[in-house]
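Atoms within each ligand, like the ligands themselves, are counted from 1 in listed order. Excluded from the calculations below are hydrogen atoms, water molecules and symmetry mates; all remaining heavy atoms, backbone and side chain alike, are included.
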Amino acid sequence: MRRICQLGFLLLCFLEGGVWSLRNLSITAPRAVLSGEGQSALLRCSYDLEGAALYSIRWYRDEYEFYRYVPRELPPTMVFPLPGATVDLTRSDDQQVFIVNLNRRLSGVYLCEVSADAPLFHTDIRSAPLTVVDMPFHAPRLTISRGIYERNDVLHANCSVDEAYPAPNITWVLDNQKIAEMVSKQTLDLDFKERAAFSQLEINIREINSYNTEAIFGNGYHESAYTSQPDHYQIGDMSYVERLRYSMFPPQSGQFTINCIASIYDVYERTSELRYIKEDNPRPASVTGKHSSGVTTVCNLFFICICVCTSILGRML
Ligand SMILES: *[C@@H]1O[C@H](CO)[C@@H](O)[C@H](O)[C@H]1NC(C)=O
Ligand SMILES: *[C@@H]1O[C@H](CO)[C@@H](O)[C@H](O)[C@H]1NC(C)=O
Ligand SMILES: *[C@@H]1O[C@H](CO)[C@@H](O)[C@H](O)[C@H]1NC(C)=O
């Protein structure tokens, strides 16, 4: 009889849901952190026990538990080895866990599981992906087929990045404007292999429609975008390469800059050297521009000459 009463009481509590329950469990973790000595990741789980006591909080990487906090036990903290990193106990508690000196093999899904105390032991779990990044050693390398162009030329540019984990994305930048991005495929199998990244860009320099230059320059010459479906071709066994295409009108100055950026989430970004591409035979600028000042200089020189000549002639006579 007493047992039935107890059960009934528990059921009541459970149905009411307002007592001894666990609410608003959420996990906060960086999407990516750098690997190596001195690097760290702070993972945090916040929850609302609505007045109940905490029974335990457990942290897992994939299915392996690496940290447990049970307030009733002494000491409350238990740490299980996490190969390739260390849990800093001085900065870990009933809400957060602080992991230091991570290695890229610790990339994966991190979970926190919170249990409220008796009688219901209401338990909930949340997860977040975390990638431990090994950055490339060098800045991305940019090579260009030619540093000069003529109208209707096609220029080829390559951008390559050293091996890294995960493979970086490559962004192409023309005159400080991002024009295209090569998104590296993320391998799902957790082999933690470092991969290089490579992207090719084909720039078509178009002939200006001379009847419509105002409109083109007015709207910026980056109007025509790269092809939305880049070519894919295979190099070696595994890696696919994208060739991006971009067509543009030559800028009014006859010169533009190009560079590429390698990035990994928000923890790594490095740019290649900046290269200048110039027009081979710049066409004369409009008559109202530099030429008028040239003409006045010539006139002035001519005038000075006449003055000097007349004064010399005057003295001679
Ligand atoms: C918990 O979540 C509910 C619903 O999303 C919200 O109204 C409430 O303010 C949250 N409580 C806390 C303590 O964050
Ligand atoms: C770009 O890379 C491809 C493939 O390796 C190569 O054939 C081509 O010559 C390179 N072009 C430039 C401009 O470096
Ligand atoms: C690459 O870019 C895509 C799309 O912007 C983004 O979702 C992905 O996280 C990026 N990958 C890396 C490694 O930064």
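- Counting the atoms of ligand 2 from 1 in the order shown, those under 4.0 Å from a heavy atom of T143 are 12 (C), 14 (O).
- Ion pairing of E279 with R151 is present here, as a side-chain N (NZ or NE/NH1/NH2) and a carboxylate O approach within less than 4.0 Å.
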Close N/O pairs between ligand 3 and protein, under 3.5 Å:
from     : atom 1 : to   : atom 2 : distance (Å)
ligand 3 : 2 (O)  : N169 : ND2    : 2.2
ligand 3 : 11 (N) : N169 : ND2    : 3.1
ligand 3 : 14 (O) : Y265 : N      : 2.6

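- Salt bridge present: R23 and E50 bring a charged side-chain N and a carboxylate O closer than 4.0 Å.
- Taking the six-membered ring where the residue is Trp, the centroids of F66 and F80 are separated by 6.0 Å or more.
- For ligand 2 and H156, the ligand atoms under 4.0 Å from any heavy atom of the residue are 13 (C).
- Applying side chain to side chain contact (heavy atoms under 4.5 Å, CB included) to I258 and the options I179, L274, L201 leaves one that passes, L201.
- One finds no salt bridge joining E181 and K178 here, because no Lys/Arg side-chain nitrogen approaches an Asp/Glu carboxylate oxygen to under 4.0 Å.
- For ligand 2, the atoms sitting less than 4.0 Å from at least one non-hydrogen atom of I144 are 13 (C), numbered in the order shown with element in parentheses.
- Heavy-atom proximity to S145, at under 4.0 Å, picks out these atoms of ligand 2: 13 (C).
- The ring of Y149 has its center closer than 6.0 angstrom to the ring center of F256.
- Short contacts between ligand 2 and F198, defined as distances under 4.0 Å to a heavy atom of the residue, involve ligand atoms 2 (O).
- For the residue pair S35 / N103, no side-chain donor-acceptor distance below 3.5 Å is found, with atom types taken as modelled.
- Residues N259 and T271 have side chains that bring a donor and an acceptor to within less than 3.5 angstrom of each other.
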